[in-house]
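For reference, the structure is listed below as structure tokens.
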2 protein chains.
Amino acid sequence: MSDNESPSPRLRRKEDARAHILQAARRIVLDEGFAALTMRRIAAEVGYSPAALYLHFESREAIARELGGAGMRSLHGRLARAAETVDPLARISALGAAYVAFAREEPETYRLIFMEPGFAASALGGEDEAGAAAFALLAGAFAELAAAGRLRAAADPAALATGLWVLLHGIASLKMTCSAFLATPEEPLLASMLDSLLNGVLRRVDQP
Amino acid sequence: MSDNESPSPRLRRKEDARAHILQAARRIVLDEGFAALTMRRIAAEVGYSPAALYLHFESREAIARELGGAGMRSLHGRLARAAETVDPLARISALGAAYVAFAREEPETYRLIFMEPGFAASALGGEDEAGAAAFALLAGAFAELAAAGRLRAAADPAALATGLWVLLHGIASLKMTCSAFLATPEEPLLASMLDSLLNGVLRRVDQP
DNA sequence: AGCGTTCACTGAACGATGTTCATAAACTAA
DNA sequence: TTAGTTTATGAACATCGTTCAGTGAACGCT
């Protein structure tokens, strides 16, 4: 499996430069917001001339795309940790909480992934691996519920996962752009909506 | 009630100019997207010099804000028409369909209102009249349901309206940025989610 | 070792952006 | 008519993404 033992110091340094640029870009986005992600700003941060960035990235959008990919992997990581919850019902709550927490704690990253035009289009559509994996975590929980016979007959796990994502994204993004409107904190709102949704979807059982 | 019979041709022309500018701006956003809304582009459209725009508006953002306000009034208009449905349950469906249709047919307007940073913050928070009125339409439907005793005990109409808005915004905005992900058309997805949500919130009755 | 080639990088520039300012024309009020 | 306010302009400034002709330094080869 050794792809290349000594990766040629040339390429090594090239990849280092790429990494440094991305790291600087990430720092800027986190500290000053996505709007501050400027080629000249990045260049100053890494000690390059603005033109040098184009030797490592095609455009500013390419850097943003890469950053978005990393953000998506980060989100996937959080969801994966939440997905360790064994009970599928509690897992759904944990996944939702993790998702909303990510959006709250790294709003600029979230905006970059899901709210910037012309980029997120490919984030979940299959092209992005982490995005698909993240979605699979949600779908898995519903699939387990279905397999355990705890779902109403007509309920489709994939559709439910999509619905859950829609709900989570609705909370996360509305909170970001219309925080005054969403006076309720995210968590209680999420809990109550999840309650209603699951209440409508779960098979009713006399308490066993 | 006559505020001012002859509004002084001075002011008349000034307001005309404002209207012309906004109209041109609206045309640009609709035809070429929000990103194309440039001061120079607007100026060219209305036949002014770029600097002249600053005699009528404080900044580009002010124009965008005004446009967003108009968009919100337009959305409110659609919702108001849908709100004529008498049965509150059917009305909720109609409101949802109208909302999603607005976002689909005028995506750039929707993005301007709800997805552009630093603007939508005040769209629903009470400052904007149309926004509050639009929300009241949703809340009204749930309040009627509650008054008719068709809601579960713990259900709070205002919270439910917020939840519905979250859901609608989730569908509308995810469709815009991750259309590949939302392979399902908006309407069936909305219908099924609304079904589950209401199913979990409505008081169960033996069919009367 | 020396030579030629490739590579990483820079400085200056281009077109476009939002915005400001001095200036001129046009309209209003006396 | 004259004085003054309003409206519009053209040129300019700073900043943006991006391109391109050069400049060394590092690399591969003989």
Side-chain angles (χ1 to χ4, degrees), chain A residues 4-26 28-29 31-68 108 111-112 116-119, chain B residues 4-26 28-29 31-68 108 111-112 116-119:
Chain A
N4 216 346
E5 192 54 32
S6 64
S8 151
R10 239 355 207 276
L11 248 88
R12 175 92 179 89
R13 264 184 314 220
K14 180 118 179 159
E15 283 175 12
D16 272 6
R18 262 185 75 101
H20 279 131
I21 293 173
L22 284 177
Q23 181 179 326
R26 184 166 176 282
I28 295 171
V29 168
D31 295 353
E32 312 166 37
F34 177 66
L37 189 69
T38 287
M39 294 306 261
R40 287 175 167 87
R41 183 82 187 69
I42 301 173
E45 191 86 2
V46 299
Y48 278 169
S49 144
L53 301 181
Y54 290 87
L55 302 186
H56 303 277
F57 293 92
E58 193 190 357
S59 63
R60 181 190 113 112
E61 204 201 331
I63 297 182
R65 203 163 30 228
E66 209 85 21
L67 240 48
E108 294 295 338
R111 142 159 283 127
L112 178 52
E116 224 45 54
F119 156 68
Chain B
N4 216 347
E5 192 55 31
S6 62
S8 153
R10 245 339 214 278
L11 249 87
R12 175 90 179 92
R13 263 183 316 216
K14 178 121 181 154
E15 284 176 12
D16 272 8
R18 261 186 74 100
H20 279 132
I21 292 173
L22 283 177
Q23 182 179 326
R26 185 165 176 281
I28 294 171
V29 169
D31 295 354
E32 313 166 37
F34 177 65
L37 189 70
T38 288
M39 294 305 262
R40 289 174 165 86
R41 182 83 187 69
I42 301 173
E45 189 87 2
V46 50
Y48 278 168
S49 145
L53 300 181
Y54 290 86
L55 302 187
H56 302 277
F57 293 92
E58 192 190 357
S59 62
R60 182 191 113 113
E61 204 201 331
I63 297 183
R65 203 162 30 231
E66 209 84 22
L67 240 47
E108 294 295 339
R111 139 157 287 126
L112 179 52
E116 224 46 55
F119 156 68

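Hydrogens, waters and symmetry mates are skipped; everything else that's a heavy atom, side chains included, is used. These figures come from a predicted structure and were not determined experimentally. Convention: sequence-line order gives letters A, B, ...; per-chain numbering from 1.
In this structure, CZ of Arg60(B) is placed 17 Å from P of dA16(C), rounded to the nearest angstrom. We find that CG of Leu53(B) is positioned 19 Å from P of dT6(D), with the value rounded to whole Å. Whole-Å rounding puts the Arg18(B) CZ to dT6(D) C1' distance at 16 Å. Distance Met39(B) CE to dC16(D) C1': 17 Å, rounded to the nearest Å. The separation between Ile21(B) atom CD1 and dA8(D) atom C1' is 11 Å, rounded to whole Å. Remark: P of dT6(D) and OH of Tyr48(B) are 16 Å apart, rounded to the nearest angstrom. Nucleotide dG17(D) holds its C1' atom 17 Å from the CZ atom of Arg41(A), rounded to whole Å. We find that CG of Leu55(A) is positioned 12 Å from P of dT19(D), with the value rounded to whole Å.
With rounding to the nearest 0.5 Å, the separation of CD in Glu45(A) from CD1 in Ile21(A) is 12.0 Å. From Ile28(B), atom CD1 reaches atom CD of Gln23(B) across 11.0 Å, with rounding to the nearest 0.5 Å.
Side-chain contact between Arg12(A) and Asp16(A) is present, with at least one heavy-atom pair separated by less than 4.5 Å.
At the phosphate of dA8(D), OP1 or OP2 sits under 4.0 Å from a side-chain N or O atom of His56(B). A sub-4.0 Å separation between OP1 or OP2 of dT6(D) and a side-chain N or O of Lys14(B) is absent. For dT28(C), the OP1/OP2 oxygens have a side-chain nitrogen or oxygen of Arg13(B) closer than 4.0 Å.
Remark: the backbone N or O of Gly33(B) is not paired with any side-chain donor or acceptor of Arg111(B) at under 3.5 angstrom. Here the side chain of Arg40(A) pairs no donor or acceptor atom with the backbone of Pro50(A) at under 3.5 angstrom.
Listed nucleotides: dT9(D), dG18(C), dT18(D). Nearest to the side chain of Tyr54(B): dG18(C). Minimum atom distance to the side chain of Ala51(A) is reached by dC20(D), of the listed dG18(C), dG17(D), dC20(D).
Looking at heavy-atom distances under 4.0 Å, Leu37(B) makes contact with sugar-phosphate atoms alone, never a base.
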Taking only nitrogen or oxygen atoms into account, show me every contact under 3.5 Å that the protein makes with nucleotides 12-15 of chain D, one pair per line with its distance.
none

- Please assess His56(A) against Tyr48(A) for the test side chain to side chain contact (heavy atoms under 4.5 Å, CB included), listing each intermediate value before the final yes or no. CA-CA 11 Å; His56(A) 303 277; Tyr48(A) 278 169; 4.3 Å; yes
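Among the candidates Val46(A), Leu67(A), Ile42(A), the single residue satisfying the side-chain contact (heavy atoms from CB on, under 4.5 Å) test with Leu22(A) is Leu67(A).
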